[in-house]
Structures are given as structure tokens and as C-alpha cells.
Enquirer: 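Input: one structure, supplied below.
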Amino acid sequence: MSVQTPPRLLNLAGKSLLRDEALAITALECLPAELFPPLFMEAFSGGHRESLKAMVHAWPFAHLPLGGLMREPQLETLKAAFDGLDILLAEKVRPRRSKLQVLDLRNTRQDFWRMWSAPRDQACSPVGHVTMPRGRMKQPSAPLEVFIDLCLGNGAPDPFLTYLFSWAKCREGPLHLCCKRLKIFTVPMGTIREVLALVRLDCIQAVEVNCNWTLSTLGMFASYLGQMRNVQFLSLAHIHILAEEEEEQKQHVSQFTCQFLRLQHLRRLYMESPSFLEGHLDHLLRCLQTPLETLCITNCLLTESDLIHLSQCPNLRRLKDLDLSGVRMTGFSPEPLRALLEEVTATLQDLDLIYCGMVDSQVEAIMPVLSRCHQLRTLSISGNLLSLATVEKLLRHTARLSSLSMELYPPPLESYSAGGALELGRLGQIRDELREILRDLGQPRTIWLSTSPCPHCGNKIFYDVEPILCPCDNPA
């Protein structure tokens, strides 16, 4: 029979005090600062709206991580907190006790609340948790900051965000609405404009756009992107070109790519199906201002000239993650890709070349440089047209890469019949041959022959293929 931990005396005192909200609010004037967080948690869990409002108004710390208490957004709690902020914003002189500078509505900083809810002999000193970093301290008259992560679209309108935006519209002067992460799904451009007009764009550090936008719509968004000068992560998906936009394509591409001149902190760039970049990739690369750690350009057509520009871009020489999956390289010279990999041998950790239409000669050309990528952790090259001999050569060239832990290869061409059907019996024989090759190499290793479309007709045939384990993995 389990023994329940008895309530702490502090929790019992808080519940007792909150039974009379008027008394609790009056007591805030003389309540020690270290008792505010546990009392706030009691008020929050008990739904004491008036007490919450009063405590926000009198909060004795610079930071109130309210979002850390909410598993899901709670509109009534938000209203109580904002009512407390309204009182604070309306006062020309801050109350003596109030130190509030940041109301954080993100689901973060649970450590703050855990510290205050722990027994005193387990709790850490509050000093390091409640003080603001140097340079963030403001004068009492400075605007309050409200932090939130924004996700626009992707379902029915969120009443939590609707209320927040409505409230923020009336308080732009003494208030800054700050967003670190912005996600945009299917939502009208007019709505996006209204929201971005309320947000401090220079606070945004991560942007994810997953919309079926036309190129002209991307051009309209570009002016906002340029103001997000602290962005470190940018992901764009499914931008397509209408027939009537083709004549203006260069203008729209330039309107978008020139914004990268302002992005002085960009480190990770993801572009899914960016068809507008075909023949224009150099425009974007010339505008990059910082070395990228991640570059993902996937499922689109690029020209051989585009790949040459990739290999010559000075801001791609520190790449850790390169993903060109779905970029068709059939018939291309292997030299641009080889030259690009040559530039990143010291840093590259993840390489994805899935469904690139590569053949034996192209893969063999990059093997020597791959063998020098000693930081490489994952190599994904499935979905390409490779013979068993080429897969064997690739295994031998990468045998000394000690960090390599995930390898995805296509079933070799010898696994297929003349009609393009995957022959499971032949595939089993090839798996045995590859296992023998791994044994000869003498290194603990696991590889996968991943599911892929038929290399002849493109039809997707799904098989659950187990990994091929090097016997060195087995305990003696």
C-alpha cells in the first residue's frame, strides 16, 4: 500500500489564505517575495481569478513564466493575468513591489515552478532563477514584454490567440508582443499581416512556413522576413509558380532573396519544393550573410549550374547537415557535388541524397571525398540506381568513419527482375553477400536497404526490410 506524501505546510497555508480572496489580496502588500510563487500556484490550480490578477499586478520578480503552468492554453487564466497587466500599465508610477518586465506565455521555465514547489532543503537559491540577464534589466517605465510562440492556421481559430491579439491591439505603446518561434500554415495573407503588425519582428528567431503559396505571395511575405533580422532557423515549403507569374519570376525571386542580406544570424535553411529556385539559386547564395550549418533543398528541379554555385558559395563551407533529397541529378556531371563535399569534409555530419536519380558513376566519383568526412553520422542514399558493386565500394570507402551510425542504401539493381519487380529471393541473397562484406571489413556496423520506388517504373512498393548487422555487433 502506497503512502501519500502529506501536503507541505506552505501549501496548506496558501489554501487557507485563498479561502478569503479579499484578505489574500490585502496580504500581498506584506507577503515575502519568496512566498509569491507557491501562492500563485495555489491560486492558479484553484481558479482564484481575482487573486491571480492582484499577484500579476504586484509580482516581485522580473519574469513571470505563466505558460509553464499551462499544459494547454487557458483563456480565463490569460484574462486574469492581462487584467493585472492592465492595472499595471495604467499606472504612471509602478507600485513599490512590482518588478514585472516579462510575462512568458510559452510552455517553458517549468524549472522556476519546480524550484518553488520543492521542499526548502531541496530548493536552490532563487537568485539565479529570478534575476534577468545583464543587459535585459529595464527602467520601470519601459514597455512590458509578453512572450509567446505563434502557430497560425492549421485548424479552427484559437480563442486564446484571438483574445491575445485583440488585447494587444489596444496596448501597442506600453507593451511589446514578442515571439521567438513563428509557424504559419494555411491562413489568409491578410490575417498574417494583421498578426505580424502586432509582433516585434526582430524578436523572432525561428520561422516555419508550410503553405501552398504562389511566388507573388512569397514576395509579399518577403518584406516581413527582412525585418526578422535575428532569425536563425527558416523553413519554407510548397511555393509554386503560376503560369501568369513566369514573366515576373525573376522580380519575385529577387524580392525574396534580397531579404537574406538582412538576416545576419541565419544558421539553418530548409526549403521544400522551391521550384522557383531552378536557374536562380545563385541569387539566394550571393545574399547569404553568415555561414550555414544546415542547408536542405529538397524535391525540386535544379540546374547543373545551380549545383556549381552551391559548390562555390563561401557560406556553405561549414555545413553540418546537407540534404538534397529529391533533387534530380540524372545526367549531371558529378564534379559540382564532389566539389561541394570537398569543402565540407571537416564539418559534415548528415548527408541525404535520397531519390536524386544518381547512377553508379556519379556515386563512385564522390566516394573518395566521402571517405574523408570523419564527422559523418548519417548517410542516406536510397532511391538511387546503384549496382551491388557500387554499394560494396561505398561500404569499403566509408568503413573507417567511426561516427557513422545510420546508413540507408537502395536495394541494388540486381535485386530487380527485367520487368522491374523486386525479387525477394534475390534480395535475400544480396543481403547475405552484404553481410559477408561487412564481416570482411571487421567493423561493428548496421546498414539498411530502405524501402524505395521501383527504379524502372517509379511505382512505390513497400517492404519491411530488417537491418543488416555486421557480426562484430554480436557479443562474444
Enquirer: Take a 6.0 Å sphere around CZ of Arg426 and say whether it holds more than 12 heavy atoms from other residues, nucleotides or ligands.
Expert: yes
Enquirer: Among side-chain atoms of Thr303 and Ser305, is any donor-acceptor pair under 3.5 angstrom?
Expert: no
Enquirer: Using only atom types and a distance under 3.5 Å, with no angle test, would you say the side chain of His63 pairs donor to acceptor with the backbone of Leu103?
Expert: no
Enquirer: Can a salt bridge be assigned to the pair Lys320 and Asp350 using a cut-off of 4.0 Å between side-chain N and carboxylate O?
Expert: no
Enquirer: Parallel, tilted or perpendicular: which one describes the rings of Phe256 and Phe276, with boundaries at 30° and 60°?
Expert: perpendicular
Enquirer: For Glu343 and Ala339, indicate whether the former's side chain and the latter's backbone hold a donor-acceptor pair under 3.5 Å.
Expert: no
Enquirer: If we only count heavy atoms from C-beta on, is the Leu337 to Leu307 side-chain gap below 4.5 Å?
Expert: no
Enquirer: Do Arg445 side-chain atoms and Leu395 backbone N/O form a donor-acceptor pair below 3.5 Å?
Expert: yes
Enquirer: Could you check whether any side-chain heavy atom of Thr186 comes within less than 4.5 Å of a side-chain heavy atom of Asn212, counting everything from C-beta outward?
Expert: no
Enquirer: Distance check, rounded to the nearest 0.5 Å: Arg229 atom CZ versus His265 atom NE2?
Expert: 8.5 Å
Enquirer: Could you tell me the separation between the CG atom of Leu236 and the CG atom of Leu269, rounded to the nearest 0.5 Å?
Expert: 7.5 Å
Enquirer: Arg286: which residues meet the salt bridge (Lys or Arg N to Asp or Glu O under 4.0 Å) condition with it, sequence neighbours left out?
Expert: Asp282
Enquirer: Do the ring planes of Trp59 and Phe61 sit parallel (below 30°), tilted (30 to 60°) or perpendicular (above 60°)?
Expert: perpendicular
Enquirer: Heavy atoms, side chains only, cut-off 4.5 Å: are Leu277 and Asp306 in contact?
Expert: no
Enquirer: With the side chain counted from C-beta on, respond yes when Asn315 and Thr290 share a heavy-atom pair under 4.5 Å apart, and no when they do not.
Expert: no
Enquirer: With a 4.5 Å cut-off on side-chain heavy atoms, are Tyr355 and Asn299 touching?
Expert: no
Enquirer: Are the side chains of Ile297 and Pro274 in contact, using a 4.5 Å heavy-atom criterion?
Expert: yes
Enquirer: So which heavy atom on Leu284 is nearest to which on Met271, and how close?
Expert: CD1-CE, 3.8 Å
Enquirer: Could you tell me whether a side-chain N or O of Gln289 sits under 3.5 Å from a main-chain N or O of Cys287, the two making a donor and an acceptor?
Expert: yes
Enquirer: Between Asn384 (side chain only) and Cys356 (backbone N and O only), is there a donor and an acceptor less than 3.5 Å apart?
Expert: yes
Enquirer: What heavy-atom pair brings Pro143 and Leu175 nearest, and what distance separates the two atoms?
Expert: CB-N, 4.0 Å
Enquirer: Leu164 vs Leu177, test: side chain to side chain contact (heavy atoms under 4.5 Å, CB included). Steps then yes/no.
Expert: CA-CA 9 Å; Leu164 171 64; Leu177 187 58; 4.2 Å; yes
Enquirer: Does any N or O in the side chain of Ser387 come within less than 3.5 Å of the main-chain N or O of Leu413, such that one atom is a donor and the other an acceptor?
Expert: no
Enquirer: Looking at every heavy atom in both Pro336 and Ile308, which two are closest together, and how far apart are they?
Expert: CG-CG1, 3.7 Å
Enquirer: Any heavy-atom pair between the side chains of Thr298 and Tyr270 that's under 4.5 Å?
Expert: no
Enquirer: Please name the residue in the list Leu292, Leu322, Val344 that meets the side-chain contact (heavy atoms from CB on, under 4.5 Å) test with Leu316.
Expert: Leu292
Enquirer: Among Ile381, Val363, Leu351, Thr345, which one satisfies side-chain contact (heavy atoms from CB on, under 4.5 Å) with Leu370?
Expert: Leu351
Enquirer: Ignoring hydrogens and angles, tell me if any N or O in the side chain of Asn230 forms a donor-acceptor pair with the backbone of Ile204 under 3.5 Å.
Expert: no
Enquirer: Using a 3.5 Å distance criterion without hydrogens, assess whether the side chain of Glu304 forms a donor-acceptor pair with backbone atoms of Ser333.
Expert: yes
Enquirer: Roughly how far, to the nearest 0.5 Å, is the SG atom of Cys178 from the CG atom of Leu144?
Expert: 10.5 Å
Enquirer: Could you walk me through whether Arg396 and Ile437 satisfy the side chain to side chain contact (heavy atoms under 4.5 Å, CB included) test, starting with their C-alpha distance in whole Å, then the side-chain angles of each, then the deciding distance to 0.1 Å, before giving a yes or no?
Expert: CA-CA 9 Å; Arg396 295 188 182 280; Ile437 293 170; 4.2 Å; yes
Enquirer: Show the nearest heavy-atom pair for residues Leu266 and Gln232, with the distance to one decimal.
Expert: CD1-O, 3.6 Å
Enquirer: Go through Val195 and Leu161 one step at a time and tell me if the side chain to side chain contact (heavy atoms under 4.5 Å, CB included) criterion holds.
Expert: CA-CA 10 Å; Val195 171; Leu161 291 181; over 6 Å; no
Enquirer: Shortest non-hydrogen contact from Ala81 to Leu66?
Expert: CB-CD2, 3.7 Å
Enquirer: So how far is it from Leu401 CG to Cys373 SG, rounded to the nearest 0.5 Å?
Expert: 7.5 Å
Enquirer: Between Arg268 and Glu208 (salt bridge meaning N to carboxylate O under 4.0 Å), is one present in this structure?
Expert: no
Enquirer: If you measure from CG on Leu78 to CH2 on Trp167, what distance do you get to the nearest 0.5 Å?
Expert: 8.5 Å
Enquirer: Which pair of non-hydrogen atoms, one from Gln375 and one from Ala346, has the smallest distance, and what is that distance?
Expert: CG-O, 3.4 Å
Enquirer: Does Glu278 use its side chain to pair, donor to acceptor, with the backbone of Ser275 at less than 3.5 Å?
Expert: no
Enquirer: Assess whether side chain to side chain contact (heavy atoms under 4.5 Å, CB included) is satisfied between Tyr409 and Leu434, documenting all intermediate values.
Expert: CA-CA 11 Å; Tyr409 300 97; Leu434 292 174; over 6 Å; no
Enquirer: From Leu324 CG over to Leu340 CG, what is the distance, rounded to the nearest 0.5 angstrom?
Expert: 7.0 Å
Enquirer: Would you confirm whether Ser166, through its side chain, and Thr162, through its main-chain N or O, come within 3.5 Å as a donor-acceptor pair?
Expert: no
Enquirer: Do the side chains of Phe44 and Met70 get nearer than 4.5 Å, heavy atoms only?
Expert: yes
